[in-house]
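Read the structure below first, then the notes.
A, B, ... follow the sequence lines: proteins, then strands. Residue 1 opens every chain. In this text the structure is predicted, and so the values were computed from the model without any measurement.
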2 protein chains.
Amino acid sequence: MSITDLTFNIDKDSKTPMWLQIRNELFNCLYRDELRPGQLIPNEKTLVELFNVSIGTVRKAVGALEKEGFLIRKQGLGTFVFQHDKSTFHFAYFHFALNGTEDVTYPDVEFISFETKKATKYEAETLNIPSGSNVYQIFNKLGINKKNYIIDRIVISQAKFPMLTEEIFKNRTNTIYNLYQNKFNIFITNCSEKLKAISADKTISSLLNVKLDSPILRIERIGQTYHNETIELRTSFVHTRDIDYVNTQNSTFGDTF
Amino acid sequence: MSITDLTFNIDKDSKTPMWLQIRNELFNCLYRDELRPGQLIPNEKTLVELFNVSIGTVRKAVGALEKEGFLIRKQGLGTFVFQHDKSTFHFAYFHFALNGTEDVTYPDVEFISFETKKATKYEAETLNIPSGSNVYQIFNKLGINKKNYIIDRIVISQAKFPMLTEEIFKNRTNTIYNLYQNKFNIFITNCSEKLKAISADKTISSLLNVKLDSPILRIERIGQTYHNETIELRTSFVHTRDIDYVNTQNSTFGDTF
DNA sequence: AGTGGAAATTCATATATATGATATAATATA
DNA sequence: TATATTATATCATATATATGAATTTCCACT
């Protein structure tokens with residue numbers, strides 16, 4: 001089923017602007033997977049016919065989704081659905097820079113372990129799965145310039161990643177979100193992070209090679225899909241002696257006004 | 001000197017689009033203070049005459065500055081220059097939420113101390129002032145629901161805030177950035193934060209009422225103006241037992257692609 | 001087979017114009 | 001005077017259209 005076979009009804013008299021209706025219809029196509037990551041979407045002329053509006057209105061709708069990051073426009077080529085990739089990963093979800101710099105460099109990732117276990121109460125609640133159901137728990141070690149600073153613990157529902165094995169995970173040739181996207185048809189669109197300072201326990205101190213009770217930055221990240229279904233719970237334990245968690249907010253505004 | 005008295009030259013043959021040229025001209029008016037915080041800018045028709053372009057081009061330029069947060073459009077009223085205010089502060093620069101919630105509430109602010117001192121080497125470098133020159137150092141205590149969780153230490157150049165006194169600072173009726181804006185004509189437009197986990201020293205532990213060596217989240221925030229002149233160095237020491245530093249990134253992207 | 005250039009495709013910029021929505025100001029009316 | 005109505009100003013949405021820029025495709029020519 002191609003998107004050009006669908007019919008869309010834009011209500012000219014609705015109180016929501018036509019461009020927003022079109023933006024929402026396109027968004028739903030992304031959500032319903034009628035437009036897949038990396039795919040070329042119909043050109044502007046086709047969209048004009050599909051939605052029966054003028055080209056300016058189509059451009060406003062597509063422009064909105066582009067600003068939101070769901071679409072990528074390329075002059076002379078076409079407009080594409082965003083996809084997770086090494087090139088797009090870079091600054092999107094990795095926030096660390098060496099002391100005194102602002103440069104967020106690509107981390108070295110080293111696999112530690114992959115296991116199946118029962119979800120804790122918190123994990124089950126967060127992932128919105130039955131209490132005690134199976135989850136995969138994966139540990140990674142991340143570093144910069146050959147020095148390890150971060151332990152990543154990933155928890156995902158087994159039910160949502162049915163055929164995932166340690167081999168598949170380890171042998172991926174791209175980012176983890178790219179693996180979710182390409183092998184499991186799960187597309188992470190937004191993340192929320194909560195940071196605390198904690199003391200290193202025995203496990204963390206040995207993994208990060210720091211003293212017991214050293215101050216550690218703990219990041220709980222929740223990765224969600226288009227409609228805020230929580231897919232991944234990722235906890236990072238960071239030794240911040242040599243690196244900083246960097247958060248730059250340009251301009252005058254936060255989330256909303 | 002009103003902006004309507006100025007003449008602007010938009011080069012129709014330039015490789016930079018006309019809308020961007022207009023956006024930049026308007027931005028420079030903000031930067032040069034020809035358009036001041038809170039001020040109503042000329043209406044679209046006037047801008048059309050001023051720049052000698054069509055209304056669509058003007059709207060694209062203004063729209064860009066609106067997205068960047070420098071301008072606020074109000075239908076039926078006009079377009080205004082953004083200003084720092086209690087209402088705009090709320091989510092912009094305060095990132096903390098009580099455990100288990102996502103709600104970033106307005107903090108209680110309690111004044112601790114105000115003093116003049118010589119800048120340390122790091123402070124002088126960061127603020128780009130001569131080593132050893134005078135700075136104000138201000139301590140505040142921030143809390144939520146009557147419980148204090150955060151110690152804020154503000155360092156600003158005395159030279160840039162010539163007549164600032166403890167009284168003026170304490171008696172402000174709005175946010176600190178509003179004080180900078182209205183009394184000192186200094187407008188903070190962007191912030192960059194660097195976070196680390198550290199151990200509470202004697203001072204911090206007593207101020208935050210925690211044990212010595214408790215894990216503390218330290219945030220170094222740099223506040224800058226339109227053209228990235230660093231104005232303020234603010235260090236927050238946060239007891240994160242009951243609160244989280246929250247960082248939500250909607251959509252798929254970080255700073256850039 | 002390889003190269004260069006023209007053509008086609010697609011998004012980007014820009015103009016001109018009309019109508020609608022929203023907030024304020026001015027006016028008329030009770 | 002107080003209230004309701006009308007007018008005005010301003011931004012928002014939408015259409016129609018023309019030209020430009022970037023990229024790929026294709027074809028003629030060597």
Q) Of all the choices, C:dA14, C:dT15, D:dC11, which nucleotide is nearest to the side chain of B:K12 once you look at every atom? A) C:dT15
Q) Between the side chain of A:Q21 and the main-chain N/O of A:T16, is any donor-acceptor distance below 3.5 Å? A) yes
Q) Across the strands shown, which category fits A:K45 at heavy-atom distances under 4.0 angstrom: base, sugar-phosphate, nothing? A) nothing
**Q.** Distance test, side-chain N/O of B:R59 to OP1/OP2 of D:dA12, below 4.0 Å
**A.** yes
Q. Could you give the CD1-to-C1' distance, from B:I72 to C:dA23, as a whole number of Å?
A. 17 Å
Q: Between protein and nucleotides 16-27 of chain D, map the contacts as a letter string: B base, S sugar-phosphate only, - none, heavy atoms under 4.0 Å, written 5' to 3'.
A: -B--BBBBS---
Q. Do A:F187 and A:H84 make the cut of ring centroids closer than 6.0 angstrom?
A. yes
Q) What is the distance, rounded to the nearest whole Å, between atom NZ of B:K60 and atom C1' of C:dA12? A) 7 Å
Q. From the list C:dT15, C:dT13, C:dA12, which nucleotide is the closest neighbour of the side chain of A:R73?
A. C:dA12
**Q.** Closest to the B:M18 side chain, choosing from C:dT10, C:dA12, C:dA14
**A.** C:dA14
**Q.** Polar contact flag, side-chain donor to acceptor under 3.5 angstrom, A:N247-B:Y245
**A.** yes
Q | Atom pair distance, as rounded to whole Å: CG in A:N43 and C1' in C:dA8 | A | 12 Å
Q | N or O in side chain of B:T57 less than 4.0 angstrom from C:dT15 OP1/OP2 | A | yes
Q) For the side chain of B:K183 and the backbone of B:N178, is there at least one donor-acceptor N/O pair under 3.5 Å apart? A) no
Q: Round to the nearest Å and state the distance from B:E66 atom CD to D:dA12 atom P.
A: 6 Å
Q: Round to the nearest Å and state the distance from A:L40 atom CG to C:dT9 atom P.
A: 14 Å
Can you give each donor-acceptor pair under 3.5 Å made by side-chain atoms of residues 69-77 of chain B, sequence neighbours left out, with the distance rounded to 0.1 Å?
{"residue": "B:R73", "atom": "NE", "partner": "B:E66", "partner atom": "OE1", "Å": "3.4"}

Q. Is there a side-chain contact between A:L233 and A:I156, using heavy atoms and a 4.5 Å cut-off?
A. no
Q | Spacing of B:I10 atom CD1 relative to C:dT15 atom C1', expressed in whole Å | A | 16 Å
Q | Proximal nucleotide (of C:dA12, D:dA14, C:dA14) relative to the A:E44 side chain | A | C:dA12
(Q) Whether A:T79 contacts C:dT10 is assessed here as follows: a side-chain N or O lying under 4.0 Å from the phosphate OP1 or OP2. Is that the case? (A) no
**Q.** d(CZ, A:R23; P, D:dA14) in whole Å
**A.** 15 Å
**Q.** Protein-nucleotide distance (A:K15, atom NZ; D:dA12, atom P), rounded to Å
**A.** 19 Å
Q) Are A:E229 and A:K160 ion-paired here, with the side-chain N under 4.0 Å from a carboxylate O? A) yes
